[in-house]
Amino acid sequence: MQRIINDPNEVVEDMLKGFVLAHPGLIAATGNPRVLKYAGAPIAGKVGVVTGGGSGHKPAFIGYIGRNMLDAVAVGEVFTSPSAQAFHDAFKTAHAGRGVACLYGNYAGDNMNVKMARRLAEDDGIEVKTVVANDDVPSAPKSEREKRRGVAGEVLMWKVGAARAARGGSLDEAVAAAQKAIDNTRSMGIGLTPCTIPAVGKPNFTIEPGKMEVGIGHHGEPGIRVDTLRPAREMAEMMLDVILPDLPFSSGDEVVVLVSGLGATPVMELYILYGAVANLLHESGIKVYRPYIGNYFTSLEMMGVTLTVMKVDDELKELVDAEAECMGLTQFARRATT
Amino acid sequence: MQRIINDPNEVVEDMLKGFVLAHPGLIAATGNPRVLKYAGAPIAGKVGVVTGGGSGHKPAFIGYIGRNMLDAVAVGEVFTSPSAQAFHDAFKTAHAGRGVACLYGNYAGDNMNVKMARRLAEDDGIEVKTVVANDDVPSAPKSEREKRRGVAGEVLMWKVGAARAARGGSLDEAVAAAQKAIDNTRSMGIGLTPCTIPAVGKPNFTIEPGKMEVGIGHHGEPGIRVDTLRPAREMAEMMLDVILPDLPFSSGDEVVVLVSGLGATPVMELYILYGAVANLLHESGIKVYRPYIGNYFTSLEMMGVTLTVMKVDDELKELVDAEAECMGLTQFARRATT
Amino acid sequence: MKDSFENQDGESIVFNMIETIQKNAKVLSEIDGAIGDGDHGINMSKGFTICKQRLEANPGDFAGGLRTLGRVLMAEIGGAMGPLYGTFFLELSRVAGNQQTITRECFQRMLESGSEAVMSLGNAKVGDKTMVDTLVSAVEAYRKAAASGADLAAALAAMATGAAEGKESTRNLVAKVGRASRLGERSRGIPDAGATSCALLLESMARSIRVLLAKE
Amino acid sequence: MKDSFENQDGESIVFNMIETIQKNAKVLSEIDGAIGDGDHGINMSKGFTICKQRLEANPGDFAGGLRTLGRVLMAEIGGAMGPLYGTFFLELSRVAGNQQTITRECFQRMLESGSEAVMSLGNAKVGDKTMVDTLVSAVEAYRKAAASGADLAAALAAMATGAAEGKESTRNLVAKVGRASRLGERSRGIPDAGATSCALLLESMARSIRVLLAKE
Ligand SMILES: Nc1ncnc2c1ncn2[C@@H]1O[C@H](COP(=O)(O)OP(=O)(O)O)[C@@H](O)[C@H]1O
Ligand SMILES: Nc1ncnc2c1ncn2[C@@H]1O[C@H](COP(=O)(O)OP(=O)(O)O)[C@@H](O)[C@H]1O
Ligand SMILES: [Mg+2]
Ligand SMILES: [Mg+2]
Ligand SMILES: [Mg+2]
Ligand SMILES: [Mg+2]
């Protein structure tokens with residue numbers, strides 16, 4: 001295990017220490033060591049925007065704490081949901097009197113911990129509403145969409161929900177915007193190598209060289225099949241063939257595309273894939289309104305990629321384009337030169 | 001080779017296509033397929049700022065093309081200097097009448113190609129001045145500093161030189177600022193795994209599991225020794241023990257710290273390392289003015305890290321803090337919340 | 001042999017469960033590693049060890065120990081195990097809380113209430129290859145023994161056997177929830193990690209209580 | 001056997017060099033792979049192949065072919081090889097450029113001028129385990145043969161032998177520049193890739209010119 005760590009059981013603690021030191025003025029620690037917040041939070045008059053999830057997905061989740069982004073994040077062990085207590089404390093941290101939008105991914109642990117945390121927050125008189133991301137198409141058939149996992153589409157859900165809240169939206173409005181974002185978003189991943197949780201010390205699944213796991217999840221959850229490794233342009237086709245019919249996306253649609261590496265895939269390759277995706281979308285008459293290419297939601301040192309497509313209308317465009325400042329996604333308000 | 005590519009001999013072409021498609025309004029193609037430019041370049045009245053280098057180092061080099069950053073970049077094959085022609089065309093592309101600052105790294109190929117390109121540019125009446133980054137301390141003793149390679153410190157050199165040019169600096173001023181930046185910058189890398197050039201198909205060096213190569217270069221150039229893998233805090237100590245005495249950095253200094261992953265190391269680990277670096281600098285009485293942590297200058301899918309430290313005065317602070325917009329480093333002008 | 005024990009004497013039961021988890025952490029991780037992600041022992045022993053520190057600083061009775069354990073698991077463990085085991089022990093504690101003496105009937109209510117809470121939170125059913133298989137089999141065995149007139153000690157012995165059987169039953173199941181579900185058919189042949197830890201915990205409780213009952 | 005050849009007849013010399021590089025691309029990459037980064041054959045054949053296309057579209061004489069080759073390498077190859085081989089062939093072309101007939105003396109000036117330009121650009125010395133070892137040994141052999149009265153054909157034969165010897169000499173050297181320098185002592189035992197390609201190119205030139213000289 002070729003790692004830059006101290007005690008493998010303390011990677012989350014050590015990472016959080018470094019993260020807080022690295023982003024003064026943007027990130028602040030809180031009373032709960034497993035909760036970080038935006039230095040400016042809670043922001044008077046603003047709906048609090050919160051998420052939480054296991055570690056090992058950088059920039060997710062704490063990398064999206066910031067200006068016009070998330071107010072507080074509950075932090076779990078590597079690939080493990082944060083505790084109910086952490087979610088509860090994150091709610092309290094972000095709450096400025098107008099309620100809290102908890103925008104998180106559909107995993108058994110997260111569902112349970114958020115459920116318990118909401119109960120606790122209710123006792124405090126904090127209104128919490130949730131949006132559960134389920135953009136990962138291969139994880140369940142469309143008829144069971146509520147079973148699908150949340151993957152890189154969460155980044156767009158956060159961006160949109162947080163921008164709505166930053167613009168003065170009510171709790172219902174922020175939640176509605178985030179829900180609309182995720183309802184219009186579909187994703188799919190391809191895994192090329194496994195990854196190793198530091199505390200475990202060896203990969204807990206394998207992908208043979210020359211193979212790829214189509215539809216893999218963000219923690220190595222099983223895909224829909226193992227296939228021989230294909231050229232980037234066939235991978236793009238394969239993913240769009242699953243993603244596009246599911247919403248469905250149709251000719252004339254405008255979309256945001258997010259190509260996120262899983263961690264160890266060189267960024268060069270993400271652009272190669274994007275080139276293929278852009279061509280195919282063009283051929284389908286679908287217009288890319290705005291692409292994001294980079295490591296937005298990773299799985300430690302897995303090689304591979306997640307492709308995410310979100311259909312946008314004027315409202316979603318406006319919210320995606322809003323200025324944002326955080327470790328994972330800093331952008332100026334859209335103008336000619338972006 | 002678990003890769004997201006098409007023809008391994010065409011990875012650079014394919015990547016460039018995707019990159020141009022991904023950043024409309026920021027990046028534009030030019031007449032030379034191996035030269036990309038800022039969409040707004042050449043900028044009337046501004047000194048052109050150019051670099052060039054081999055591919056496989058994303059965001060370097062083309063990821064630093066942008067507003068208040070580089071105007072044009074010459075692109076080479078993977079780990080191979082761009083041709084003299086590409087440098088020459090980049091100079092012409094960036095030139096707006098006030099000359100061109102070519103800020104590049106100290107590699108044999110780059111030196112030769114820039115030298116030839118300068119000759120060609122002279123014939124065109126374009127004044128080109130160069131700054132050669134040589135921040136990699138382990139690559140040669142201090143007495144032979146001119147032999148040292150340029151590594152992640154180049155990012156700071158570009159940031160500073162480009163900001164000076166963007167603020168209306170003359171060619172001499174832009175070059176002086178970039179030179180000052182690199183003269184105050186020292187770096188060192190540690191490699192944990194090798195990497196594979198797609199066209200070659202297998203790693204061209206090895207690092208045994210449980211070992212680390214101390215002082216490794218950005219293309220796997222040999223380090224000063226192979227050591228057993230150590231905890232992050234010892235790696236930090238080891239690197240600072242080489243970096244700090246070399247400038248030397250002393251108690252009371254203010255520094256910019258850049259921790260760049262080599263590609264496949266999870267970003268979590270970069271923060272763990274930064275936590276250790278920050279503690280050690282604090283103990284040495286050195287104040288971190290601004291840290292950058294992320295994948296700023298990579299080597300395909302190598303695991304490992306480069307630590308870069310730049311001593312800053314008021315001028316360097318001002319230029320580092322300037323607003324910038326590019327794929328690799330987008331930041332708002334420094335204010336309370338950054 | 002007594003047929004009940006005092007709530008105030010029961011903290012040792014919790015300490016023994018902690019010791020059991022600490023001792024078996026490696027084994028639990030190995031089982032989880034065979035078909036899951038290999039962290040079950042790490043997750044569990046982390047929570048149980050923190051609980052031990054709390055209890056040492058702040059001793060109490062059986063219900064109090066269970067409450068601390070449940071709270072710590074809920075606060076510190078996260079994942080699915082934190083809320084599931086957290087809920088389980090908080091439910092045991094809630095039912096035991098206002099009882100001075102823990103009788104056979106009381107312990108039965110504790111078990112039933114705990115296992116129902118786990119199932120309603122986690123939505124796992126018997127046969128899904130989870131801790132629920134252990135829990136349901138154990139509670140069933142306890143209930144049957146009690147219904148046929150067994151005393152507390154005998155009912156606990158039946159529970160331990162039922163737990164072991166429930167755990168063993170997971171060996172030939174295919175995982176339907178959790179990380180092991182990745183493997184589908186390949187998850188057959190290895191017992192479930194949560195089912196194993198649950199059996200260890202219930203066996204430990206049965207043993208500890210029987211020791212208390214044997215005391216004069 | 002003639003003792004000189006016409007510039008306008010010499011383009012085949014360039015075509016033959018191109019073919020040599022294309023045929024040996026795999027071998028060159030393998031040699032580079034043993035102690036360098038394994039791309040020498042790829043780099044070279046890429047440039048030489050582009051040159052071939054240019055020449056086919058736009059035929060010319062010996063100097064013209066060399067100029068196209070030099071320019072393409074300079075424009076398309078990058079790395080250290082682009083400017084080094086680019087400079088080499090541009091220098092050959094420059095010296096040959098205004099000569100209608102290429103004599104023994106002329107070819108000597110071409111070689112000397114080319115090898116000096118390579119050394120002044122790249123700063124490698126004999127013994128650094130680079131193409132310079134081949135080049136210097138070849139030029140030296142040609143010069144010696146010519147000085148002792150050999151005709152062009154014989155001087156070229158000497159050059160080819162000198163090139164092969166120079167290349168062979170790199171086998172037992174430790175690399176001092178370029179990527180192979182990573183290996184230090186371990187680079188011993190394998191010839192240098194650039195030295196190998198340079199010997200192939202010079203041998204090819206010698207062979208092609210001798211064919212021209214033999215023609216009536
Ligand atoms: N919904 C559920 N209901 C009951 N038990 C569950 C459920 N999901 C998971 N489990 C149990 O959790 C165990 C795994 O725990 P652990 O390894 O600590 O967490 P993780 O699966 O997050 O790595 C499984 O062996 C299974 O018994
Ligand atoms: N400074 C130099 N002078 C002469 N030849 C050099 C020099 N640097 C490198 N070479 C030659 O370049 C060859 C390697 O070329 P190639 O593999 O194409 O490029 P790279 O080393 O960039 O991968 C070496 O075998 C050596 O002969
Ligand atoms: Mg786990
Ligand atoms: Mg090379
Ligand atoms: Mg587990
Ligand atoms: Mg090479």
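No hydrogens, no waters, no symmetry mates; every other heavy atom, side chains included, goes into these values. Residue numbers start from 1 in every chain, and the chains themselves are labelled A, B, ... in the order their sequence lines are given, proteins ahead of strands.
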At what distance, to the nearest 0.5 angstrom, does CD1 of B:Ile197 lie from CG of D:Asp37?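 With rounding to 0.5 Å, CD1 (B:Ile197) is 4.5 Å from CG (D:Asp37).
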Heavy-atom count around [X] [atom1] within 6.0 Å, excluding the residue itself: above 12?
{"X": "D:Lys26", "atom1": "NZ", "value": "no"}
{"X": "B:Glu146", "atom1": "CD", "value": "yes"}
{"X": "D:Lys52", "atom1": "NZ", "value": "no"}

Just to verify, what does D:Glu203 make a salt bridge (charged side-chain N to carboxylate O under 4.0 Å, His left out) with, not counting sequence neighbours?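 Testing D:Glu203 for salt bridge (charged side-chain N to carboxylate O under 4.0 Å, His left out), a comparison that skips the adjacent residues, returns none.
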Shorter than 4.5 Å, heavy atoms on both sides: which option in B:Gln85, B:Arg34, B:Met112, B:Glu77 has the most such pairs with chain D?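 Result: the option with the highest number of such pairs is B:Met112.
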Please rank B:Pro203, B:Gly109, B:Ala86, B:Ser83 by heavy-atom pairs under 4.5 Å with chain D and give me the top one.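 Most heavy-atom pairs within the cutoff with chain D belong to B:Ser83.
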Counting heavy-atom pairs under 4.5 Å with chain B, which one of D:Met74, D:Glu76, D:Arg71 comes out on top?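 So the answer, after comparing D:Met74, D:Glu76, D:Arg71, is D:Met74.
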List in chain and number order the residues that pass side chain to side chain contact (heavy atoms under 4.5 Å, CB included) with D:Pro59, two or more places apart in sequence or in another chain; answer none if no residue qualifies.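 Checked D:Pro59 against side chain to side chain contact (heavy atoms under 4.5 Å, CB included); matches are D:Glu11.
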Which atom of D:Ile77 lies closest to which atom of B:Thr80, heavy atoms considered: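 Minimum heavy-atom separation between D:Ile77 and B:Thr80: O-CG2, 3.9 Å.
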What are the residues of residues 113-131 of chain B, in order of number, with any heavy atom under 4.5 angstrom from a heavy atom of chain D?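 Heavy-atom contacts from residues 113-131 of chain B to chain D are B:Asn113, B:Lys115, B:Met116.
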So for D:Ile42, is it side chain, backbone, both, or neither that comes closer than 4.5 Å to the heavy atoms of chain B?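 Contact with chain B: side chain only.
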Would you mind checking which part of B:Asn32 comes under 4.5 Å of any heavy atom in chain D, side chain (CB onward), backbone (N, CA, C, O), both or neither?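 Neither; nothing under 4.5 Å.
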Please enumerate all residues that pass ring pair (Phe, Tyr, Trp, His ring centres under 6.0 Å) together with D:Phe88, with sequence neighbours excluded.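 For D:Phe88 there are no ring pair (Phe, Tyr, Trp, His ring centres under 6.0 Å) partners, ignoring immediate neighbours.
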